[in-house]
Amino acid sequence: MDLFEKCRMFTRADEVKETGCYPYFHAIEESEGPVVKIEGRMRIMAGSNNYLGLTTHPKVKEAAINAVKKYGTGCSGSRYLTGTLDLHVELERRLAKFMGKEDCLLYSTGYQTAQGVIPVLIEKGEYVVSDKENHASIVTGTLVAAGMLSYANDSQTLVRYKHNDMVHLENVISKLPLEAGKLIVTDGVFSATGEIVNLPELLKIAKKYNARVMVDDAHAVGVIGKGGRGTASHYNLVNECDMTMGTFSKTFASLGGFVVGDHKVIDYLKHNAPALIFSASPTPASVASALAALDILEAEPERVEKLMANARYVRNALVDMGFRTFEHDSAVVPVVIGDTEIVLKMWRVLFDEGVFVNAFIRPGVPPGFETLRTSYMATHEKNHLDQILDAFKKVGKQFNIIQ
């Protein structure tokens with residue numbers, strides 16, 4: 001069979017496009033943050049992870065421009081060799097301090113970060129223990145680790161537990177050798193639902209069974225915790241949580257990833273992670289943008305408060321209308337529909353009403369949880385939020401989702 005036959009047989013996207021309800025790859029022509037121009041029309045953006053609204057902040061844009069003028073457009077090498085700038089060192093120092101840890105290491109993308117940590121730390125006879133609904137970047141990192149050790153005839157490296165189920169976590173981890181090294185990896189805020197991990201109980205289990213913990217705070221930094229410091233801060237457990245990884249593509253209005261932890265752990269990763277050593281380093285503009293965003297986050301913590309107030313306002317209104325949503329206190333507010341065809345049709349009506357949301361369908365979500373995922377920004381004003389709610393009320397009644 002021809003390798004490309006599967007590609008020729010893939011028709012699902014074309015079929016959805018023919019209905020006019022294809023929700024993906026729509027090009028943004030202009031953006032002011034909460035409002036974007038798509039297909040010649042201004043629409044309220046209710047699907048972005050630009051949580052603090054900093055991608056269009058004048059100071060962030062100016063920092064990127066100045067960095068290009070000073071350093072050029074790229075580093076032309078890995079951090080290990082010619083690709084380290086004083087900007088990288090400064091951002092690592094600042095992030096470690098902000099997150100309450102000894103040290104920090106930058107990676108070129110958030111997706112790459114898990115691959116730059118998990119397979120590096122896990123050796124033969126050690127285990128990755130992962131939540132079944134972790135982000136794809138964590139899944140890839142754990143599979144890389146498992147694949148490498150499977151090749152070395154140690155195929156039981158990866159252990160998964162039911163989503164945010166601490167009873168099941170203890171059940172599966174208790175079956176592993178107590179003396180073996182273990183890394184529990186979990187999202188802090190789960191990206192599809194906005195649910196926050198039960199970190200206090202998870203850390204108790206980790207301590208009991210000789211495990212270390214890494215939390216992915218991609219959707220938590222700038223959203224929850226003291227001044228937006230993430231999940232461990234949210235629970236006042238910064239000292240107890242071993243490592244936190246994150247991304248610059250959301251709160252930090254840029255591109256790249258990071259991990260914070262003890263100095264010796266970060267130093268080990270720095271000298272042993274192929275994802276760092278063999279990848280070009282984050283560009284000057286990306287790092288300068290993230291630094292400027294961190295400046296604003298530290299100087300204006302009220303942005304976090306505004307973001308959360310916006311999300312709560314919409315969540316409460318959607319619940320009052322009769323929509324099914326997850327009532328977690330984060331910036332992600334999903335509207336669960338439970339049917340792929342209806343989700344796609346509702347997405348189209350919302351789009352025509354001038355509101356852009358994200359359609360989450362299988363296999364990205366379990367059957368019965370097909371969702372219109374919305375997320376909010378500190379820069380959304382009340383009139384934006386009310387227009388989003390008016391559009392949802394209209395489409396909800398049209399499709400008999402609400403009365």
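Residues take their numbers from the sequence shown, with the count starting at 1. These figures come from a predicted structure and were not determined experimentally. Atoms considered below: every heavy atom in the structure, side chains included; atoms not considered: hydrogens, waters and symmetry mates.
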**Item:** Cationic N near anionic O, under 4.0 Å, E300 to R303
**Value:**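 Looking at E300 and R303, the cut-off is met.
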So do the side chains of [X] and [Y] get within less than 4.5 Å of each other, counting heavy atoms only?
X    : Y    : answer
L95  : F252 : yes
V319 : F323 : no
T140 : L143 : no
L87  : L291 : yes
R94  : V89  : no
L203 : K207 : no
V333 : L318 : yes
M245 : T113 : yes

Answer yes or no: are there more than 12 heavy-atom neighbours, outside [X] itself, under 6.0 Å from its atom [atom1]?
X    : atom1 : answer
K69  : NZ    : no
K306 : NZ    : yes
K132 : NZ    : yes
K182 : NZ    : yes
E341 : CD    : no
Y24  : OH    : yes

**Prompt:** With D187, which of V197, I138, D131 fulfils side-chain contact (heavy atoms from CB on, under 4.5 Å)?
**Reply:**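 Result for side-chain contact (heavy atoms from CB on, under 4.5 Å) with D187: I138.
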**Asked** Taking the six-membered ring for Trp, are the ring centroids of F248 and F258 within less than 6.0 Å of each other?
**Response**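 Yes - the distance between ring centres of F248 and F258 falls below the 6.0 Å cut-off.
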State, without any angle test, whether [X] and [Y] hold a side-chain donor-acceptor pair at a distance under 3.5 Å.
X    : Y    : value
Y111 : H135 : no
N66  : K70  : no
S174 : E170 : no
R79  : T84  : yes
Y235 : N198 : no
D217 : T244 : no

**Expected output: side-chain T19 to main-chain C21 donor-acceptor under 3.5 Å** =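 Confirmed, T19 side chain pairs with C21 backbone.
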So how far is it from [X] [atom1] to [Y] [atom2], rounded to the nearest 0.5 Å?
X    : Y    : atom1 : atom2 : value
R212 : C241 : CZ    : SG    : 11.0 Å
Y376 : R315 : OH    : CZ    : 9.0 Å
K250 : L255 : NZ    : CG    : 10.0 Å
H219 : S330 : NE2   : OG    : 9.5 Å

**Request:** Just jot down the side chain to side chain contact (heavy atoms under 4.5 Å, CB included) partners of E195, sequence neighbours excluded, or say none.
**Result:**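 Once residues adjacent in sequence are excluded, the partners of E195 under the side chain to side chain contact (heavy atoms under 4.5 Å, CB included) criterion are H163, N164, F190, T193, H328.
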**Request:** Would you mind listing every ring pair (Phe, Tyr, Trp, His ring centres under 6.0 Å) that reaches into residues 52-84, with sequence neighbours excluded?
**Result:**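 Of all non-adjacent pairs touching residues 52-84, none passes ring pair (Phe, Tyr, Trp, His ring centres under 6.0 Å).
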**Item:** Candidate pair R8 and D2, rule salt bridge (charged side-chain N to carboxylate O under 4.0 Å, His left out), full reasoning
**Value:** CA-CA 10 Å; R8 289 188 282 268; D2 182 5; 2.4 Å; yes
**Asked** Does the salt bridge (charged side-chain N to carboxylate O under 4.0 Å, His left out) test come out yes or no for R93 and E90, once each step is laid out?
**Response** CA-CA 5 Å; R93 183 189 66 80; E90 174 67 7; 2.9 Å; yes
